[in-house]
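Remarks on the structure that follows.
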There are 2 protein chains.
Amino acid sequence: MTVSKTAEKSSDKPADVAKGRKDASEPQAEALQLGELSEQLGYVLKRAQLKVFENFLRCMASLQLTPAQFSVLLLVEKNPGRNQTEIASTLGILRPNFVAMLDNLESRDLCARIRSTNDRRSHILVLTDKGKAVLARAKKLVATKHEARLNDLLGQANREALIGMLAKIANEF
Amino acid sequence: MTVSKTAEKSSDKPADVAKGRKDASEPQAEALQLGELSEQLGYVLKRAQLKVFENFLRCMASLQLTPAQFSVLLLVEKNPGRNQTEIASTLGILRPNFVAMLDNLESRDLCARIRSTNDRRSHILVLTDKGKAVLARAKKLVATKHEARLNDLLGQANREALIGMLAKIANEF
DNA sequence: GATATTTGGTATGGTCCATAACAATTATCA
DNA sequence: TGATAATTGTTATGGACCATACCAAATATC
């Protein structure tokens, strides 16, 4: 069977598909059947990630921090004395793309590049005082408004199980 | 304290941060401390999603189907007689961006747009025979090579729990 | 000391995502 | 009925993110 573009006498499977949904049998726009899609790992994973990022941005609106920027500040705080390549690579950010990110954070006086005295090629990354203060506030916002939402939704035990499974996927898939 | 760009006499917190990691105390490039990052929902979620998509693309290399294209085929198969706006919106795809996607699938003879006889504005979407065949093969590949990997990694029970929690986040977060 | 490697950076292109605008068609309703 | 509003598919366009090639300065290697 070949598909006819104009569907002249299309008495196909379920009572003329080419007519579309406008039979009197259906009152309004009924929802589509997701079917196997709702069981697809990638699909549900992507949609959850979008919702989580969306919520993250709302919670951080006052601080104007994206998830990526937040992760940079967290990593720099935890690992002082590291250069751009090290920070970027552990976050999965390519060095060229990391430059603009740092330009942004540095222009807002949240972190600073310091030329290393050992290897004068590399820039050591450090949080400024303002950066530390902003990160502290960000952590509280994330904990109270963002991560807490997961507990309300799943419960403490399930939350930890979820994070654990996601981490396992991220590392071993 | 203000950050000095050149770090002249920077005897700061932990033994000269500005020197960077080049002390003889550490043999090579030791891994950074992820710290609280590994507990951040968004971080671990995003990284898991990237890994899963990456694996999906590898499994589908022979069929050249992206996750988004696969989801379109699945949804069209499950919901024959729907138009572009309906399919696109339930997938979270904006109509303008859906055009190129359909152009691609149609040029490969996987699906077809049929002008509706009820509403001559809308294009009814249908899978071609080749589209149905490709989708069938894709489903098998996904089931055996992709989703099965989750069972090996988490086990059947955990897999279902994970999907359930992600769906809940996607819908109620 | 000549060569290779590393680091931060620029330039550039691709893909995905979002908005505005438009023609054709249909719905609304005075 | 006919004027107006809304909808559908589409184009154009810009932004955000991601990936590659390439470069100068500095360092490592031999």
Side-chain angles (χ1 to χ4, degrees), chain A residues 5 18-22 28-29 42 46-47 49-51 53-54 56-57 64-72 76 81-107 111-126, chain B residues 5 18-22 24 28-29 42 46-47 49-51 53-54 57 64-69 71-72 81-107 111-126:
Chain A
K5 282 296 209 178
K19 282 172 46 180
R21 296 291 152 144
K22 278 301 172 54
Q28 303 190 14
K46 176 74 178 183
R47 297 205 81 111
Q49 183 257 318
L50 288 176
K51 275 290 187 71
F53 269 44
E54 188 182 316
F56 185 97
L57 288 175
Q64 285 287 92
L65 281 184
T66 69
Q69 291 168 335
F70 179 67
S71 69
V72 170
V76 171
R82 299 298 193 145
N83 62 24
Q84 295 185 198
T85 332
E86 292 172 307
I87 298 291
S89 74
T90 72
L91 287 177
I93 305 175
L94 294 175
R95 276 93 55 184
N97 301 328
F98 196 46
V99 175
M101 261 192 85
L102 274 186
D103 289 346
N104 181 357
L105 294 176
E106 204 174 19
S107 73
C111 80
R113 307 182 225 221
I114 305 181
R115 178 138 271 129
S116 168
T117 56
N118 276 343
D119 187 341
R120 294 179 41 214
R121 292 170 297 186
S122 58
H123 287 170
I124 299 308
L125 297 184
V126 174
Chain B
K5 281 296 211 179
K19 282 171 49 180
R21 296 293 152 141
K22 277 305 173 52
Q28 302 190 15
K46 176 74 177 183
R47 296 205 81 108
Q49 182 258 320
L50 288 176
K51 274 292 187 70
F53 270 42
E54 189 181 318
L57 288 175
Q64 285 287 89
L65 281 184
T66 70
Q69 292 169 335
S71 68
V72 169
R82 299 297 192 146
N83 61 24
Q84 296 186 197
T85 333
E86 292 172 307
I87 298 291
S89 74
T90 72
L91 287 177
I93 305 175
L94 294 175
R95 275 93 55 187
N97 300 328
F98 196 47
V99 174
M101 261 190 84
L102 274 187
D103 288 346
N104 181 357
L105 293 177
E106 204 173 20
S107 73
C111 81
R113 308 181 226 222
I114 304 181
R115 178 140 271 128
S116 169
T117 56
N118 276 342
D119 186 341
R120 293 181 39 216
R121 294 170 296 184
S122 57
H123 288 169
I124 298 308
L125 297 184
V126 174

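What you see is a predicted model, and the numbers here were worked out from it, not measured in a lab. So you know, we letter chains A, B, ... as the sequences are listed, proteins then strands, and number each from 1.
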Interatomic distance where CZ belongs to Phe53(B) and C1' belongs to dC17(D) [whole Å]:
15 Å
dA25(D) OP1/OP2 closer than 4.0 Å to side-chain N/O of Arg115(A)
no
Base of dT25(C), side chain of Arg120(B) - is there a donor-acceptor contact under 3.5 Å?
no
I need the CZ-P distance between Arg121(B) and dA5(D), as an integer number of Å.
16 Å
Between the side chain of Arg113(A) and the main-chain N/O of Asn83(A), is any donor-acceptor distance below 3.5 Å?
no
Rounded to whole Å, please give me the gap between CG in Leu102(A) and P in dT7(C).
15 Å
At a heavy-atom distance below 4.0 Å, what parts of residues 89-99 of chain B sit against DNA chain C?
Leu94(B), Pro96(B), Asn97(B)
What is the distance from CG of Asn118(A) to P of dT6(C), rounded to the nearest Å?
18 Å
Specify the closest pair of heavy atoms between Phe56(A) and Thr66(A), including all atoms of both residues, with the distance to one decimal.
CE2-C, 3.7 Å
What's the CG-P distance between Leu57(B) and dA19(D), to the nearest Å?
12 Å
Over how many whole Å does the gap from His123(A) atom NE2 to dT6(C) atom P extend?
18 Å
Quick one: does Pro67(B)'s side chain get under 4.5 Å of Leu57(B)'s, heavy atoms only?
yes
Under the 3.5 angstrom rule, does the side chain of Arg95(B) hit a backbone N or O of Thr85(B) as a donor-acceptor pair?
no
Whole Å only: how far is the CD1 atom of Ile114(B) from the P atom of dT8(D)?
18 Å
List the atom of Phe53(A), the atom of Lys46(B), and the distance in Å for their closest heavy-atom pair.
CZ-CB, 3.9 Å
Check whether any side-chain heavy atom of Leu125(B) lies under 4.5 Å from a side-chain heavy atom of Leu102(B), and answer yes or no.
yes
If you check the Asp119(A) side chain, which of dT27(D), dC18(D), dA24(C) turns out closest?
dT27(D)
Under 3.5 Å, side chain of Arg47(B) to main-chain N/O of Leu91(A), donor-acceptor pair present?
yes
Quickly work out the Asn104(B) CG to dC16(C) C1' distance and round it to whole Å.
14 Å
